[in-house]
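The structure appears below as structure tokens.
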Amino acid sequence: MKNIVKGRWRVAVALGAVAALGLSGCSLNEDNASSGSGSGNGSVLRIGTTTDVSNFNPLQSLSKTDSWILNAMYPHLLRIDENAKKAPELAKEYKYEDGGKTAVFTLRDDFKWTDGKPVVAEDVKFSAEMIMKYKLGNVAAKLTWVESIEAPDATTVKFKLSQPYAPFAEGVGFWMSIVPKHVFESAGDLSKFPNDSNWVGAGPFVLDSMTKGQRYVMKRNENYPLAPGGKAAVSQVEYRVYPDVNTMMLALRNGDIDMMGTPVPVSAAKTFENDSKIKLEKVGALGFAHLTYNMNNKHLAKQEVRQALSMSVDTKAIISSVLQGDAQQMAGPISPIFADYDNTEIQPYAYDPDGAKAKLTAAGYRDGNGDGFFDGLTIGVACDQSNANITRVVQLFRESAAKAGIKLENQCVERNTFLTRTKNGEYDIDATQWGVFDNPMDQLRSTYLSSNPGGINYNLLKSDEMDKLINDAAGTTDPEAFKVKIKNIDKVVHEQAYLTPLYVENFQFAYNASKFTGFVASPSDLLGMVTAYSLAQVTPVK
């Protein structure tokens, strides 16, 4: 681990987080509090969201739309900038010591909670320890190798690891919300703490009130050091709930909201072209659309069935009709954006309904009554009905699978119901889109490690082979050997067809440019233009 022992601030691009092992350290001390023109004249920014907040506890929430509000309240050590690079947020810098077995974060000293108390290292230590204790959210898996955490002073946090893990600091730094110890410690079991009132935050905004099904009103934190002038220029952010994206688009056009939190469907983007006040920002994606198969389903537990389903998806037609061609097809679970780790030797399963039929017949399935479908092979496909693209994907998948003799049932439901069913494993096939993967190692551990605590192993996969491959790769510090092992896992997942990757798309976000400017777009629909940093940079148009 010679390469990471003395590095200070690592500017690791998302498509090469682990490759940062070989980079020389440099300091990035962004200072955004020195200048700016924040008016502070009491303007209100109204943002469209698709659903209510399902969980106000940022340590365990996994919902994209929850994060739009919670991330504006609770700081993270690091953020991803508009170029997909890790940038300082609460932490000014980090470094590794002890041959890579100790990650040391140095915090800013000018963050404050909205009750006036400073944000200190003990808050970071407490947040991480509670995640580990109660196995909360997807961060729990990233803390697997933490043996102890120290806070020797107010601005220093040391994570002692059982072994070097290259993407540790960036993964934990980006994903972990920091909560106020003096508020949360009295709640007891944080896995049961709703945190649904009396909010205390340290982001640019904090929740003030909510009306379920209608709106969430956030007031400005009067001390936010990453905003020009030391506080956000807008005094209030109001999220308004529009379960239907078409209704949200109409609300933007009519002036009822000022921006859409959710991306504009490609097929609908052109409707804004003749509206001079609406502007569209296009960003790339660090996540991808996919079909995940529940291994607890007796049919989906069979490799032949999963492969047949992969052969029944006409992904090229989906990209053409749903995304107007503005997306890239994927083969394995590693996005092409991680160019060093994407196994380009594997190819997507070709759309081949006759081949899928032959595979299922060889596996013992029959069409006894001649209705065109294999007997007993009826499978549900769950999705979030507020995602217009994925809903359309499910429709096309059902039609193409029918040609292979596979009967699929559309089980798209309201978003929070979908999230609950996903969390509880109550689905056969999960059609959805990852928000952000900031490095391939964390991705594979989160999605396929059977011992993954609190993660997103939506396959419910329990495979000794995968566990061994993932743990072996995670402990590999030689960059070239690491790449080989990631590519091999990519191949195994593809051969097993644990999921059918579909596409990586570009996103377009719409806002009223006649009223507000200064948004900072980040790559993904999870982040978009509603990150804490972005909202803190927004200024009203004078």
Before accepting this row, confirm whether a basic side-chain N of the pair [X]/[Y] lies closer than 4.0 Å to the acidic partner's carboxylate O.
| X | Y | value |
| --- | --- | --- |
| Arg215 | Glu238 | yes |
| Glu93 | Lys95 | no |
| Lys125 | Glu129 | yes |
| Asp256 | Arg240 | no |
| Glu222 | Lys231 | yes |
| Arg46 | Asp258 | yes |
| Lys117 | Asp115 | no |

What distance separates [X] [atom1] from [Y] [atom2], expressed to the nearest 0.5 Å?
| X | Y | atom1 | atom2 | value |
| --- | --- | --- | --- | --- |
| Leu45 | Arg220 | CG | CZ | 12.5 Å |
| Ser177 | His76 | OG | NE2 | 3.0 Å |
| Thr65 | Asp384 | OG1 | CG | 8.0 Å |
| Ile489 | Ile334 | CD1 | CD1 | 8.0 Å |
| Asp438 | Trp175 | CG | CH2 | 6.5 Å |
| Ile47 | Met259 | CD1 | CE | 5.5 Å |

Step through the shown structure and confirm whether more than 12 heavy atoms of other residues, nucleotides or ligands are within 6.0 Å of CG on Asp189.
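It does: Asp189 CG has more than 12 such atoms within range.
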
Count the heavy atoms of every other residue, nucleotide or ligand shown that sit under 6.0 Å from NZ of Lys160, and state whether that count exceeds 12.
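Atom NZ in Lys160 is packed in, count exceeds 12.
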
Could you check whether any side-chain N or O of [X] sits under 3.5 Å from a backbone N or O of [Y], counting only pairs where one atom can act as donor and the other as acceptor?
| X | Y | value |
| --- | --- | --- |
| Tyr216 | Ile69 | no |
| Asn57 | Asn195 | no |
| Asp81 | Ala87 | no |
| Asp208 | Val217 | no |
| Thr420 | Asn416 | yes |
| Ser127 | Val179 | yes |
| Thr517 | Ala513 | no |
| Gln537 | Leu226 | yes |
| Asp478 | Ala481 | yes |
| Trp68 | Leu527 | no |

Between the side chains of [X] and [Y], does any donor sit under 3.5 Å from an acceptor?
| X | Y | value |
| --- | --- | --- |
| Arg79 | Ser522 | no |
| Ser450 | Asp467 | yes |
| Asp430 | Thr422 | yes |
| Thr114 | Asn221 | no |

Aromatic ring proximity, centroids under 6.0 angstrom, Phe184 and Phe126
no

Indicate the atoms forming the closest heavy-atom contact of [X] with [Y], along with that distance.
| X | Y | answer |
| --- | --- | --- |
| Tyr134 | Gly188 | OH-O, 3.5 Å |
| Leu107 | Ala154 | CD1-O, 4.0 Å |
| Thr156 | Ala121 | O-CB, 3.3 Å |
| Leu286 | Ser524 | N-CB, 4.3 Å |
| Val119 | Ala202 | CG2-CB, 3.6 Å |
| Asp342 | Ser335 | CB-O, 4.0 Å |

Apply side-chain contact (heavy atoms from CB on, under 4.5 Å) to Lys515 and Ser43, showing your working.
CA-CA 10 Å; Lys515 295 185 64 178; Ser43 56; over 6 Å; no

Can you check whether [X] reaches [Y] side chain to side chain, under 4.5 Å on heavy atoms?
| X | Y | result |
| --- | --- | --- |
| Ser386 | Thr262 | no |
| Leu136 | Ser191 | yes |
| Phe509 | Tyr511 | no |
| Val206 | Lys219 | yes |
| Leu499 | Pro333 | yes |
| Val234 | Phe205 | yes |
| Glu170 | Asn439 | no |
| Val241 | Gln214 | no |

In terms of ring plane angle, is the pair [X] and [Y] parallel, tilted or perpendicular, where the classes change at 30° and 60°?
| X | Y | value |
| --- | --- | --- |
| Phe437 | Trp434 | perpendicular |
| Trp199 | Phe56 | tilted |
| Trp113 | Tyr74 | tilted |

Give the intermediate values and the outcome of side-chain contact (heavy atoms from CB on, under 4.5 Å) for residues Tyr165 and Thr144.
CA-CA 10 Å; Tyr165 180 56; Thr144 300; over 6 Å; no

side-chain contact (heavy atoms from CB on, under 4.5 Å) assessment of Tyr239 paired with Met210:
CA-CA 9 Å; Tyr239 279 88; Met210 64 171 175; over 6 Å; no

Starting from the C-alpha separation in whole Å, work towards a yes-or-no answer on side-chain contact (heavy atoms from CB on, under 4.5 Å) for Asn389 and Glu505.
CA-CA 11 Å; Asn389 287 347; Glu505 66 173 309; 3.7 Å; yes

For Phe159 and Phe168, what are the C-alpha separation, side-chain angles and deciding distance, and is it a ring pair (Phe, Tyr, Trp, His ring centres under 6.0 Å)?
CA-CA 10 Å; Phe159 291 84; Phe168 174 81; 5.4 Å; yes

With side chain to side chain donor-acceptor pair (under 3.5 Å) as the test, would you mind laying out the steps for Asn71 and Tyr533 before giving the verdict?
CA-CA 9 Å; Asn71 286 351; Tyr533 184 81; over 6 Å; no

